[in-house]
Enquirer: 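Below are the structure tokens for one structure; questions will follow.
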Amino acid sequence: MRIKEKAELADEIYVITPFRNVAYNVSKVLDEIQFTKRYEKGKTINVGTVHTFQGKEAKIVYFILGADESSIGSAKWAVCKPNMMNVAATRAKEEFYIIGDKKLYTTLGSEVVNMTVSIIDEYNLR
């Protein structure tokens with residue numbers, strides 16, 4: 001993991017998702033490796049939903065879509081408008097990663113997903 005190689009990166013990484021349950025479960029896993037940072041009241045400050053990160057920035061952002069074929073409605077909701085992707089992407093100062101089921105999301109007919117995948121694919125051809 002990158003933070004093992006460069007420990008100071010831990011303060012420059014956000015893990016963002018559209019879904020509260022994904023944020024909660026990812027936070028629990030990341031707690032196990034002492035990645036999660038918390039406020040005094042116990043709320044995480046580097047792992048959470050898209051809405052909790054509005055107005056904040058980090059060097060690196062991981063955007064976890066976190067839906068599967070059993071939650072197609074939720075997946076559609078997350079990408080039906082550009083807001084979620086835009087907020088997540090604009091939090092990143094240097095690096096932005098999307099983690100999700102590409103096959104699922106590209107079948108949803110979402111303009112946001114199709115444009116994002118097209119940009120990524122074009123970039124990867126360079």
Side-chain angles (χ1 to χ4, degrees):
M1 180 176 271
R2 294 175 74 182
I3 58 175
K4 283 185 179 179
E5 298 167 8
K6 199 171 181 185
E8 64 272 11
L9 269 183
D11 294 330
E12 292 288 337
I13 298 173
Y14 286 162
V15 179
I16 302 175
T17 178
F19 308 109
R20 282 187 301 234
N21 65 330
V22 173
Y24 174 77
N25 287 306
V26 167
S27 180
K28 284 185 0 183
V29 171
L30 293 176
D31 274 344
E32 293 174 12
I33 62 166
Q34 290 81 44
F35 172 78
T36 308
K37 309 282 187 255
R38 297 187 180 278
Y39 286 122
E40 288 179 17
K41 296 180 181 179
K43 187 172 181 163
T44 59
I45 58 172
N46 60 342
V47 179
T49 63
V50 171
H51 297 95
T52 62
F53 287 93
Q54 288 183 330
K56 299 176 184 177
E57 290 183 329
K59 186 179 286 188
I60 302 165
V61 171
Y62 291 91
F63 184 49
I64 302 177
L65 291 171
D68 59 22
E69 291 181 9
S70 68
S71 53
I72 290 176
S74 296
K76 284 182 180 179
W77 168 81
V79 296
C80 68
K81 295 181 181 174
N83 304 27
M84 297 282 189
M85 185 76 70
N86 184 47
V87 171
T90 56
R91 300 310 94 209
K93 292 191 281 185
E94 294 181 18
E95 300 175 33
F96 180 65
Y97 300 92
I98 302 171
I99 301 169
D101 184 340
K102 183 178 178 181
K103 182 178 176 184
L104 168 71
Y105 279 93
T106 55
T107 64
L108 298 177
S110 164
E111 186 177 329
V112 173
V113 170
N114 294 339
M115 184 182 299
T116 302
V117 169
S118 174
I119 291 167
I120 292 169
D121 288 345
E122 184 179 317
Y123 179 82
N124 286 333
L125 289 175
R126 293 182 193 171

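No hydrogens, no waters, no symmetry mates; every other heavy atom, side chains included, goes into these values.
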Enquirer: Please examine the side chains of I13 and F35, heavy atoms only from C-beta on, and report whether any two atoms are closer than 4.5 Å.
Expert: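 The answer is yes; the side chains approach within 4.5 Å.
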
Enquirer: Taking everything shown except E111 itself, do over 12 heavy atoms lie less than 6.0 Å from its CD?
Expert: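 It does not: E111 CD has 12 such atoms or fewer within range.
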
Enquirer: Taking all non-hydrogen atoms of both residues, which atom of M84 and which atom of P18 are closest, and how far apart?
Expert: SD-CB, 4.1 Å

Enquirer: Heavy atoms only: give me the nearest K93-E57 pair and the separation to one decimal.
Expert: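 The pair with the smallest heavy-atom distance is CD-OE1, 3.6 Å.
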
Enquirer: Only pairs at least two apart or in different chains count here, so list each ring-ring contact (aromatic ring centres under 6.0 Å, His included) that has a residue in residues 71-96.
Expert: F19-W77

Enquirer: Around E69, counting heavy atoms of other residues, nucleotides and ligands shown, do more than 12 lie under 6.0 Å from its CD?
Expert: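 It does not: E69 CD has 12 such atoms or fewer within range.
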
Enquirer: If we check side chain to side chain contact (heavy atoms under 4.5 Å, CB included) with I16, which of these qualifies: V47, V61, V87?
Expert: V61

Enquirer: Is there any side chain to side chain donor-acceptor pair (under 3.5 Å) pair reaching into residues 16-30, and which pairs are they, with sequence neighbours excluded?
Expert: none

Enquirer: Can you give me the closest heavy-atom contact between A67 and A75, atom names plus distance?
Expert: CB-CB, 3.8 Å

Enquirer: Could you pull out the closest heavy-atom pair between S110 and V79, with the gap in Å?
Expert: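 Nearest pair, atom of S110 first, then V79: OG-O, 2.7 Å.
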
Enquirer: Side-chain contact test, heavy atoms from C-beta onward, threshold under 4.5 Å: evaluate it for V113 versus L108 and give yes or no.
Expert: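 Not in contact.
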
Enquirer: How about I120 and I98: do any of their side-chain heavy atoms sit closer than 4.5 Å?
Expert: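 Yes, at least one pair of side-chain atoms sits under 4.5 Å.
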
Enquirer: Closest approach of V112 and T116, non-hydrogen atoms and distance?
Expert: O-OG1, 2.7 Å

Enquirer: Could you tell me which residues satisfy salt bridge (Lys or Arg N to Asp or Glu O under 4.0 Å) with D101, sequence neighbours excluded, listed by chain and number?
Expert: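 With neighbours one apart ignored, the set is empty.
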
Enquirer: Indicate, with yes or no, if V29 and I60 share a hydrophobic cluster defined by side-chain heavy-atom contacts under 4.5 Å among Ile, Leu, Val, Met, Phe, Trp and Tyr.
Expert: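 In one cluster: no.
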
Enquirer: Same cluster or not: are I99 and I33 linked, directly or through other Ile, Leu, Val, Met, Phe, Trp or Tyr residues, by side-chain heavy atoms under 4.5 angstrom apart?
Expert: yes

Enquirer: Which pairs count as ring-ring contact (aromatic ring centres under 6.0 Å, His included) when at least one residue sits in residues 42-68, sequence neighbours excluded?
Expert: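 Checked against ring-ring contact (aromatic ring centres under 6.0 Å, His included) - neighbours excluded - the pairs reaching residues 42-68 are Y14-F53, Y62-Y97.
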
Enquirer: Where is the tightest heavy-atom contact between T36 and N46, given as atom of each residue plus distance?
Expert: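 Heavy atoms only, the tightest pair is CA-OD1, 3.6 Å.
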
Enquirer: What residues join I119 in its hydrophobic cluster, counting side-chain heavy atom gaps under 4.5 Å, either direct or through other members?
Expert: M115

Enquirer: Verify the neighbour count for atom NZ of K37: are there more than 12 heavy atoms of other residues, nucleotides or ligands below 6.0 Å?
Expert: yes

Enquirer: Would you please name every residue forming a side chain to side chain donor-acceptor pair (under 3.5 Å) with S118, sequence neighbours left out?
Expert: none

